[in-house]
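Following: one structure in structure tokens, then a few remarks.
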Number of protein chains: 2
Amino acid sequence: MDVGGTLYALRTQRGLSQRELARRCGVANGTISLIESNAINPSVGLLRQIVNALPMNLSEFFAFEHLEERKLFYRASELREIGGKGISYRQIGTNLNGRALQMLNEVYAPRTDTGKTMLHHTGEEGGVVISGEIEVTVADQRTILGPGDAYYFDSHLPHRFRNIGQEPCHIVSAATPPSF
Amino acid sequence: MDVGGTLYALRTQRGLSQRELARRCGVANGTISLIESNAINPSVGLLRQIVNALPMNLSEFFAFEHLEERKLFYRASELREIGGKGISYRQIGTNLNGRALQMLNEVYAPRTDTGKTMLHHTGEEGGVVISGEIEVTVADQRTILGPGDAYYFDSHLPHRFRNIGQEPCHIVSAATPPSF
DNA sequence: AACCCCTGTTCATTATAAAAAACACTTCAA
DNA sequence: TTGAAGTGTTTTTTATAATGAACAGGGGTT
């Protein structure tokens, strides 16, 4: 169900960059990127070429994919990074297709912000601040949350998170259904 | 190395026609044909869709592919039919990629013929007539072979096989390297 | 024979994958 | 601070997969 996530997990497990893997299997690095983000549906021949460079065969690759689907426990290093630009979102599980829940281990670097244009999507979300402080705006309400504080709201409401402090802010959050 | 042959083996093993399989997985029947003849390199998603209808998962599919590569023994029903039009060529092994030899169990129906335009390709070939009679033409030589008789020639020479009798003609042949 | 239903193959069109290059960003060293 | 080398992403073009329809043959009925 998730060729991209599986490839990502296996590649990073081996400490390879997309370009390094691309070089080893003779595939364009952009193609690896597109496959990992599930933006394209690679051919069997191409996937075989890539997977062989891990090195691994296709049977093992798809067996691993099934293992991932039934995975229960995750080491800190296995959480999938889906953030960027000073905001780290480390997701529990690489493939959330068909799952009800998306859990994130979030770290906002000082002075980072989810953006002036408010976020909104279907579902509900909640979280607990572990350390640091975060300014949370939801619709017409705004507050600053510190360690132990929490939030919970309908994701339809426009929302924004901003770390206006000097320390990184660490939050553990959950959303249903997964939104990206 | 041989997605097409593997799919063919699994499909026929289950007694399914290409169209029946196509119907079950929602894929065009022509696509199944092209995949089995290795004329196209299917996407992972499409192969998954097809393989699931067997039913089977991709890990099992590719594990089977590896088994096939190491297969030593073949039941009569497992020989792959690559002939047509009254001439049956039943090949030993579905995937001859990288193999040195192509062995065929051939049956020429009465009045069948490899064609007026002579065959020629690289390699050498030989065979033994098991039953029936066959007219064999190689370059400027022609003869009729019966049970126990045999032939061996360089495949570059133009050649033609013709069953001019009333009975089916059964031949066991070998060619190196495999030519199709 | 004429028809129907099945088989697998082939072709023209459309959709999409793959490559190559440009892009945006980070890190490190000069 | 500037440049070089690394990261992953995105875009444009080209190649190719996938579809749907047409094709050609096989087997059985009427």
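Chain naming here is simple, since letters A, B, ... match the order of the sequence lines and numbering starts at 1 in each.
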Separation between [atom1] of [X] and [atom2] of [Y], rounded to the nearest 0.5 Å:
{"X": "A/Leu16", "Y": "A/Leu21", "atom1": "CG", "atom2": "CG", "value": "6.0 Å"}
{"X": "A/Arg111", "Y": "A/Gln166", "atom1": "CZ", "atom2": "CD", "value": "5.5 Å"}
{"X": "B/Ile134", "Y": "B/Arg160", "atom1": "CD1", "atom2": "CZ", "value": "11.0 Å"}
{"X": "A/Leu58", "Y": "A/Leu47", "atom1": "CG", "atom2": "CG", "value": "5.5 Å"}

Without decimals, in angstroms, what is the distance between [X] [atom1] and [N] [atom2]?
{"X": "A/Ile50", "N": "C/dA17", "atom1": "CD1", "atom2": "P", "value": "13 Å"}
{"X": "B/Glu20", "N": "C/dT7", "atom1": "CD", "atom2": "P", "value": "8 Å"}
{"X": "B/Ile35", "N": "C/dG8", "atom1": "CD1", "atom2": "P", "value": "14 Å"}
{"X": "A/Arg19", "N": "C/dC25", "atom1": "CZ", "atom2": "P", "value": "15 Å"}
{"X": "A/Gln18", "N": "C/dA21", "atom1": "CD", "atom2": "P", "value": "18 Å"}
{"X": "A/Gln49", "N": "C/dA18", "atom1": "CD", "atom2": "C1'", "value": "11 Å"}
{"X": "B/Tyr8", "N": "C/dT7", "atom1": "OH", "atom2": "P", "value": "14 Å"}
{"X": "B/Leu46", "N": "C/dA15", "atom1": "CG", "atom2": "C1'", "value": "13 Å"}

(Q) Test your reading of the model: is there a side-chain donor-acceptor pair from A/Arg90 to the backbone of A/Leu79, 3.5 Å cut-off? (A) yes
Q: Using atom types as modelled and distance alone, determine if a side-chain donor or acceptor of B/His159 lies under 3.5 Å from a backbone N or O of B/Leu157.
A: yes
Q) Under 30°, 30 to 60°, or over 60°: which ring-plane class applies to A/Tyr108 and A/Tyr89, parallel, tilted or perpendicular? A)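 Perpendicular, since the angle between the ring planes exceeds 60°.
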Measure the shortest side-chain to side-chain distance between [X] and [Y] over non-hydrogen atoms and say whether it is less than 4.5 angstrom.
{"X": "B/Phe64", "Y": "A/Ser59", "value": "no"}
{"X": "B/Leu54", "Y": "B/Glu60", "value": "no"}
{"X": "A/Val3", "Y": "A/Ile35", "value": "yes"}
{"X": "B/Arg142", "Y": "B/Glu135", "value": "yes"}

Q. Do B/Asn29 and C/dT9 have a side chain to base donor-acceptor pair shorter than 3.5 Å?
A.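 Flag set: donor-acceptor pair detected.
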(Q) Surrounding CD of A/Glu167 (heavy atoms of other residues, nucleotides or ligands, distance under 6.0 Å), is the total greater than 12? (A)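 Open.
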Q: Assign B/Ser43 to base, sugar-phosphate, or nothing according to its heavy-atom contacts below 4.0 angstrom with the strands shown.
A: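 Sugar-phosphate, no base atom in range.
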Q: Please work out if B/Ser33 contacts a base, only the sugar-phosphate, or nothing of the nucleic acid, heavy-atom cut-off 4.0 Å.
A: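 Since a base atom lies under 4.0 Å of B/Ser33, the category is base.
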(Q) Counting only heavy atoms and a strict 4.0 angstrom limit, can you tell me which residues of residues 9-17 of chain B come near DNA chain C? (A) B/Arg11, B/Ser17
Q. Of A/Asn41 and B/Ile32, whose nearest nucleotide on DNA chain C comes first from the 5' end?
A. B/Ile32
(Q) Please identify the 5'-most and 3'-most nucleotides of DNA chain D with any atom under 4.0 angstrom from a heavy atom of chain B. (A) D/dA17 to D/dG25
Q: Compute the angle between the rotation axes at the two ends of the helix from C/dA1-D/dT30 to C/dA30-D/dT1, each taken over five pairs, rounded to 10 degrees.
A: 10°
